[in-house]
Amino acid sequence: MKQEYVLDGLDCSNCAQKIENGVKGIKGIDGCAVNFAASTLTVSADGKEEQWVTNKVEKKVKSIDPHVTVRQKHKKKSADDGYRHRMINMLIRMAAAIILGAAAYVVHSGPIEFILFLAAYLIIGGDIIIRAVKNISRGQVFDEHFLMALATIGAFLIQQYPEGVAVMLFYQIGELFQGAAVSRSRKSISALMDIRPDYANVKTENGIELVSPEDVQTGDIIVVNPGESIPLDGKVVQGSAMVDTSALTGESVPRKAAEGQDVMSGFINQNGVLLIEVTKGYQESAVSKILDLVQNASSRKARTENFITKFAKYYTPAVVIIAVLLAFVPPLVIPGATLSDWVYRALIFLVISCPCALVVSIPLGFFGGIGAASKAGVLVKGSNYLEALNQVKYAVFDKTGTLTKGSFEVTEIKPAEGFTKDRLLEAAAYAELHSQHPIAESVRKAYGKILSSDAIESYEEISGHGIFAKVNGTEILAGNKKLMDREQVKGVPDEHAGTIVHVAVDQRYAGAIIIADEVKEDAAQAVADLKSLGIKQTVMLTGDSKQTGEAVGKQLGIDEVYAELLPQDKVSRVEALEAKLSPNEKLIFVGDGINDTPVLARADIGAAMGGLGSDAAVEAADVVLMTDQPSKIAEAIRIAKRTRRIVWQNIGFALGVKAIFLILGAFGIATMWEAVFSDVGVTLLAVANAMRVMRLKNR
């Protein structure tokens with residue numbers, strides 16, 4: 001059993017790690033993952049009742065962080081979640097501490113001064129001391145509460161009372177601002193994906209009924225009025241309207257939805273009433289899958305995130321050890337050095353060492369990048385895949401349905417001597433009348449006139465060759481060159497472009513109909529964009545004929561084409577290409593069909609067409625293109641590069657400022673006041689910078 005919870009009030013990444021470790025330790029819980037960026041907790045516990053799991057999780061979270069409240073994901077956030085109460089309580093405590101501190105400053109004499117400063121300190125920092133003691137009792141020593149408690153108690157021991165109170169006061173102010181900044185960035189990310197439908201208008205015998213999208217069944221008819229969001233995937237059965245698809249696809253130009261067309265949940269009806277037959281339940285709908293993918297994507301962490309988590313784990317204890325050495329070694333070896341002076345410098349070291357700026361801003365940066373990609377119509381299933389997109393140097397494409405539309409059309413009609421185009425097309429259309437093959441459909445569509453099945457006297461499909469039909473006494477052959485050779489039809493020319501249907505009437509060659517799979521409008525641009533982004537080689541793998549594959553490859557500017565491949569051959573080709581890669585290079589494969597599933601799973605990064613692609617391909621892929629546009633791959637790489645740039649800006653900025661202040665503190669230049677301001681300021685600036693990831697840029 002898997003349960004999902006929302007952790008309201010979670011604004012500390014260290015607390016998120018403690019909650020994850022704490023819940024994992026509950027007997028009966030099989031697994032637990034906390035997503036700090038999305039503020040969610042996922043718990044798996046086989047053989048346990050839902051209420052048992054909820055009670056255990058709530059109790060454990062409350063013991064670790066009393067400010068965090070647990071609610072089940074499907075339950076709405078209460079209007080009063082305690083935040084306002086905590087805010088007012090903190091402001092009262094701050095005011096009381098400032099008044100007592102000011103009074104102590106005025107009194108400025110012996111025991112009374114100490115008592116007033118101590119009272120101010122306990123009012124503003126008592127909860128921090130209690131948390132530090134609780135965490136130490138659980139074996140969690142090196143966290144921000146321990147650092148602040150150690151630094152401020154140390155300040156009192158060396159009789160720096162005002163600074164002890166001030167450090168705790170500014171730390172609490174910083175926590176307040178940090179919580180607000182994290183909350184704001186989460187809201188910005190959520191706003192990018194605010195496409196969850198609130199209701200559905202279901203048409204019933206008694207009229208229109210307003211119901212939850214989760215309760216709508218496949219086959220139900222829903223009514224979508226102008227201005228409303230389409231709540232579930234379906235097919236338009238009545239009406240037409242322009243729909244805004246930008247929430248799912250990133251495309252700003254509205255699309256027309258008319259009778260017989262498929263529409264996806266998340267589209268917004270702009271100007272007409274649509275009656276839609278529901279084809280997928282809510283859990284299978286596009287909007288549900290997108291939200292699920294985005295919210296769970298951060299559970300697959302990027303190497304940079306894992307590095308920062310490990311770095312913080314060793315960095316803080318290292319700084320504490322250095323601080324202890326800094327406090328006690330110089331007074332022993334430097335003549336004239338005083339213990340209180342060097343202890344003060346060591347305390348500054350402790351204040352600066354808190355790695356909040358890194359452990360808060362890095363996950364938010366990656367989560368924002370995933371949100372921005374989703375807004376552009378690209379679903380990235382994890383931070384690790386978003387980071388891997390930066391290293392893509394080889395782009396491998398399937399042809400049909402990926403670079404081409406997968407719909408065959410007659411592109412050229414070549415009648416032989418003695419036949420007209422209309423006569424040739426009519427003969428072919430009658431021959432293909434009963435065939436369900438896409439090529440047959442394209443021939444009938446090109447003919448465009450009514451065909452009478454009564455005219456067909458006999459009909460035979462010849463496997464691997466084509467069709468024989470007798471129409472009104474006339475014998476017609478329609479198929480490939482092998483059929484013409486078998487029936488000893490003379491005068492058949494060699495044609496190489498596209499798929500060719502040769503036609504013979506009464507053993508006389510009538511001509512050829514050339515059918516091609518139309519290339520997608522943005523396919524050539526997709527290849528050009530990838531090359532401009534530094535992709536070394538573009539490759540196309542197809543099961544189609546060599547002539548057709550090479551013609552499409554040449555048209556699009558693809559470097560290498562491998563044709564007439566079976567699914568297992570595609571896997572072999574991808575493995576051969578991956579063998580050429582250097583350790584820091586990645587290969588991306590883009591496909592759409594169920595036959596592409598093995599390659600999507602095998603490639604470093606698999607990208608599937610999400611609109612028309614098969615469910616198996618979408619499931620196996622690491623990246624999903626909701627618009628079926630190959631050009632979105634370049635867009636995803638651009639967003640990945642921007643995300644990495646901003647994440648590394650934060651790493652460099654945070655470490656750089658901390659290094660400077662650690663050195664200044666060690667030499668006695670920086671005071672504890674400046675140390676606190678630097679720590680809080682760096683965290684807020686890093687979070688603000690991480691929010692920039694979410695702003696979509698035009699090329």
Side-chain angles (χ1 to χ4, degrees), residues 1-78 81-83 86 127 130-146 182 186 212 214 281-284 288-289 291-302 305-306 308-310 312-313 316 359-360 363 366-367 381-384 619:
M1 185 194 74
K2 188 176 272 190
Q3 281 284 98
E4 283 192 277
Y5 302 93
V6 176
L7 302 173
D8 292 321
L10 180 68
D11 51 24
C12 160
S13 55
N14 277 340
C15 300
Q17 193 63 51
K18 287 176 203 165
I19 289 169
E20 184 174 303
N21 293 335
V23 174
K24 271 181 186 172
I26 298 172
K27 194 174 180 181
I29 299 289
D30 300 323
C32 166
V34 174
N35 183 338
F36 170 67
S39 197
T40 57
L41 167 70
T42 306
V43 178
S44 56
D46 288 334
K48 299 292 181 183
E49 290 182 2
E50 185 178 314
Q51 195 56 49
W52 181 90
V53 175
T54 302
N55 292 340
K56 289 286 184 184
V57 168
E58 284 177 349
K59 189 177 177 183
K60 178 58 71 175
V61 171
K62 191 58 69 179
S63 71
I64 294 169
D65 193 336
H67 297 314
V68 176
T69 54
V70 179
R71 66 179 164 91
Q72 288 175 303
K73 200 169 182 181
H74 61 268
K75 289 185 180 176
K76 287 190 176 179
K77 187 177 180 179
S78 62
D81 61 352
Y83 179 76
R86 290 197 304 273
D127 59 330
I130 291 166
R131 282 195 220 176
V133 171
K134 278 185 178 179
N135 289 339
I136 290 168
S137 68
R138 294 189 196 103
Q140 298 164 347
V141 179
F142 296 109
D143 64 5
E144 69 273 23
H145 302 126
F146 169 75
V182 170
R186 280 203 189 115
S212 169
E214 286 94 335
Y282 179 73
Q283 295 303 324
E284 295 301 311
S288 178
K289 284 182 177 178
L291 291 166
D292 187 55
L293 279 173
V294 173
Q295 288 166 355
N296 293 321
S298 294
S299 61
R300 298 184 181 94
K301 291 185 178 179
E305 283 184 274
N306 288 325
I308 290 301
T309 305
K310 288 176 184 174
K313 187 179 177 182
T316 309
V359 292
V360 170
F366 279 108
F367 194 59
K381 293 186 180 179
S383 304
N384 52 339
E619 198 69 34

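- Heavy-atom contacts from other residues, nucleotides or ligands closer than 6.0 Å to NZ of Lys134 number 12 or fewer.
- Between the CD1 atom in Ile136 and the CZ atom in Arg131 there is a gap of 14.0 Å [rounded to 0.5 Å].
- The nearest pair of heavy atoms linking Gly28 to Ala45 is O-CB, 3.6 Å.
- Between Leu7 and Val70 there is a side-chain heavy-atom pair separated by less than 4.5 Å.
- In this view, Lys24 and Glu20 satisfy the salt bridge (charged side-chain N to carboxylate O under 4.0 Å, His left out) rule, not counting sequence neighbours.
- Of the possible polar contacts, none joining the Asp46 side chain to the Asp30 backbone as a donor-acceptor pair under 3.5 Å is found.
- Inter-residue side-chain proximity for Lys62 and Thr69 is flagged as met; some heavy-atom pair is nearer than 4.5 Å.
- Nearest approach of Tyr5 to Glu50, heavy atoms of both residues: OH-O, 4.3 Å.
- Atoms CD and CD, on Gln3 and Gln51 in that order, are 9.5 Å from each other to the nearest 0.5 Å.
- Across all non-hydrogen atoms, the minimal contact from Trp52 to Lys27 is CH2-O, 3.3 Å.
- Contact annotation: the side chain of Leu41 never approaches that of Leu10 to less than 4.5 Å [non-hydrogen atoms, C-beta and beyond].
- Under the side-chain contact (heavy atoms from CB on, under 4.5 Å) criterion, Lys60 pairs with Val23, Ile26, Ser63, Ile64, not counting sequence neighbours.
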